[in-house]
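Per chain, numbering begins at 1; letters A, B, ... match sequence-line order. The figures here come from the full heavy-atom set of this structure, side chains too, leaving out hydrogens, waters and symmetry mates.
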2 protein chains.
Amino acid sequence: MRITNQRKIILEELIKCSHHPGADEIYNLVRKSIPRISLGTVYRNLEFLAASGMIKKLDFGNGQKRFDGNIEPHDHFRCVNCNTIEDIPFTMDIMPLDENHMWVKKRIIYGMRLEIYGLCAACSAGK
Amino acid sequence: MRITNQRKIILEELIKCSHHPGADEIYNLVRKSIPRISLGTVYRNLEFLAASGMIKKLDFGNGQKRFDGNIEPHDHFRCVNCNTIEDIPFTMDIMPLDENHMWVKKRIIYGMRLEIYGLCAACSAGK
DNA sequence: CTGAATGCAAAGCCTTTGCATACGG
DNA sequence: CCGTATGCAAAGGCTTTGCATTCAG
């Protein structure tokens, strides 16, 4: 694995972010350090970093992929009132998968994508 | 609401499907009945039907939207090998939400969007 | 040195849209 | 009749890719 400046800065910027930026936003962030970087390089490196397991590639279904420097497995909670997205810390504690269920036994589960929506702690306190 | 032949056939084809086809597949299905239908019309009607709540528009993050004639709330299982998408019959049986968990108690849960991925029954049998 | 990574630009894929025409109610 | 829906084709947004050049190890 080759450590180019482009690759290094892209990873650094992404780790700094906590808000799941898209490729275009990462491109603009990195351009502050490397003005001549190309969008293609950003895409190639994001792909490379995701394939190496150093970042995560997400899809919230808005037509644009999002990237996450936090590679710990975690899901997302979206508040329908204030519209913030917070990480769900331990999905398996909150919604444990029943390993003994026949449906589960018939398949091999690699993982899941979960988004819970409702009112966050702050917004539900007011109701 | 205007019932054109195109709209009718698109809805009928989609209700017949159980495998969450993309717009291109629906286009090809409908073309058997209406050979001169345009792809634009298919997209416009899928959008219209989804907005009217008669079908559901899904996004599994493969770059292509999928459509579902089954509007009952249900989740999906995606096989990473054969790429089919099947319905999860009773999510609450397989992954029950722990109502007593502190994280849950602090929030008001309206619903969730869940996608489990892995190998389907057929594909996992061969491994 | 040498192959992997880059910049640039063009192309690809899915989807949306503008416009004149057709057609449902 | 009238306005919505259609067909056609062009354009749009995001992403990928081909190619010559540069650069890390």
Side-chain angles (χ1 to χ4, degrees), chain A residues 1-14 17 19-69 113, chain B residues 1-14 17 19-69 76 78 80 83-85 115:
Chain A
M1 148 158 199
R2 207 152 155 178
I3 301 166
T4 61
N5 197 236
Q6 286 85 339
R7 192 162 287 173
K8 191 160 81 55
I9 303 280
I10 287 169
L11 182 56
E12 283 172 8
E13 285 297 338
L14 193 50
C17 284
H19 63 285
H20 317 292
D24 60 332
E25 187 178 344
I26 297 164
Y27 174 57
N28 286 319
L29 288 169
V30 173
R31 269 211 289 187
K32 290 174 189 164
S33 316
I34 314 173
R36 292 185 58 77
I37 195 170
S38 78
L39 190 53
T41 296
V42 171
Y43 272 104
R44 269 184 294 230
N45 275 305
L46 289 170
E47 195 57 45
F48 173 91
L49 292 167
S52 314
M54 305 178 75
I55 66 171
K56 284 207 299 195
K57 190 177 184 178
L58 309 172
D59 195 317
F60 292 87
N62 318 327
Q64 198 197 40
K65 300 281 193 303
R66 305 292 200 103
F67 297 87
D68 196 342
R113 210 167 55 120
Chain B
M1 152 164 195
R2 205 150 153 181
I3 301 166
T4 61
N5 197 235
Q6 287 84 339
R7 191 162 286 173
K8 190 159 81 59
I9 303 280
I10 287 169
L11 181 57
E12 283 173 5
E13 285 297 336
L14 194 50
C17 284
H19 64 288
H20 314 86
D24 60 331
E25 187 179 344
I26 297 165
Y27 173 57
N28 286 319
L29 287 170
V30 174
R31 268 210 290 185
K32 290 174 189 165
S33 315
I34 314 174
R36 291 185 58 78
I37 195 170
S38 78
L39 191 52
T41 296
V42 172
Y43 274 103
R44 270 183 293 228
N45 275 305
L46 290 171
E47 196 58 45
F48 173 91
L49 291 168
S52 316
M54 304 179 74
I55 65 172
K56 285 208 298 197
K57 190 179 185 176
L58 309 173
D59 195 319
F60 295 91
N62 315 327
Q64 199 198 40
K65 301 277 195 305
R66 306 285 203 107
F67 297 87
D68 196 342
H76 295 102
R78 175 170 53 88
V80 300
N83 208 38
T84 53
I85 290 165
E115 180 202 328

Tell me, please, which residues at least two apart from A:R7 pass side-chain hydrogen bond (donor to acceptor under 3.5 Å, both in side chains).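 A:R7 satisfies side-chain hydrogen bond (donor to acceptor under 3.5 Å, both in side chains) with A:N45 once adjacent residues are dropped.
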Among residues at least two apart in sequence or on other chains, which ones pass side-chain hydrogen bond (donor to acceptor under 3.5 Å, both in side chains) with A:S38?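 A:S38 satisfies side-chain hydrogen bond (donor to acceptor under 3.5 Å, both in side chains) with A:T41 once adjacent residues are dropped.
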Using whole Å, report how far [atom1] of [X] lies from [atom2] of [N].
X	N	atom1	atom2	value
B:K57	C:dT16	NZ	C1'	10 Å
B:I3	C:dA22	CD1	P	23 Å
B:N5	C:dG25	CG	C1'	15 Å
A:R7	C:dA4	CZ	C1'	8 Å
A:K65	C:dC13	NZ	C1'	11 Å
A:I9	C:dA5	CD1	P	17 Å

Start with the C-alpha distance between B:H76 and B:R78, add both sets of side-chain angles, then the distance that settles side-chain contact (heavy atoms from CB on, under 4.5 Å), and finish with yes or no. CA-CA 6 Å; B:H76 295 102; B:R78 175 170 53 88; over 6 Å; no
Applied to residues 32-41 of chain A, the salt bridge (charged side-chain N to carboxylate O under 4.0 Å, His left out) test, sequence neighbours excluded, yields none
When the C1' atoms of the five terminal pairs at each end define the local axes, what inter-axis angle does the helix from C:dC1-D:dG25 to C:dG25-D:dC1 show, to 10 degrees? 40°
Range on DNA chain D touched by chain A, heavy atoms, distance below 4.0 Å: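 Range of nucleotides touched by chain A: D:dC14 to D:dG25.
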Sorted by number, the residues of residues 39-51 of chain B with heavy-atom contact under 4.0 Å to DNA chain C: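 By residue number: B:L39, B:G40, B:Y43, B:R44.
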Donor-acceptor contacts under 3.5 Å from residues 50-60 of chain A side chains, at least two apart:
| from | atom 1 | to | atom 2 | distance (Å) |
| --- | --- | --- | --- | --- |
| A:S52 | OG | A:F48 | O | 2.7 |
| A:K56 | NZ | A:E72 | O | 3.4 |
| A:K57 | NZ | A:E47 | OE1 | 2.7 |
| A:D59 | OD1 | A:G61 | N | 2.6 |

Once salt bridge (charged side-chain N to carboxylate O under 4.0 Å, His left out) is applied, do any residues pair with A:E25, and if so which ones, sequence neighbours excluded? none
Go through the structure and list residues passing salt bridge (charged side-chain N to carboxylate O under 4.0 Å, His left out) with A:R113, not counting sequence neighbours.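 A:R113: salt bridge (charged side-chain N to carboxylate O under 4.0 Å, His left out) contacts with B:E115.
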Which residues pass the side-chain contact (heavy atoms from CB on, under 4.5 Å) test with A:I34, not counting sequence neighbours?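 A:I34 satisfies side-chain contact (heavy atoms from CB on, under 4.5 Å) with A:N5, A:Q6, A:I9, A:V30, A:I37 only.
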Side chains of B:L14 and B:L46: closer than 4.5 Å at any heavy-atom pair?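 In contact.
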With a cut-off of less than 4.0 Å, is there a side-chain N or O of A:T4 near OP1 or OP2 of C:dT6? yes
Choosing from C:dG25, C:dT6, C:dG3, which nucleotide comes nearest the side chain of A:R2?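 My answer, after comparing the listed nucleotides, is C:dG3.
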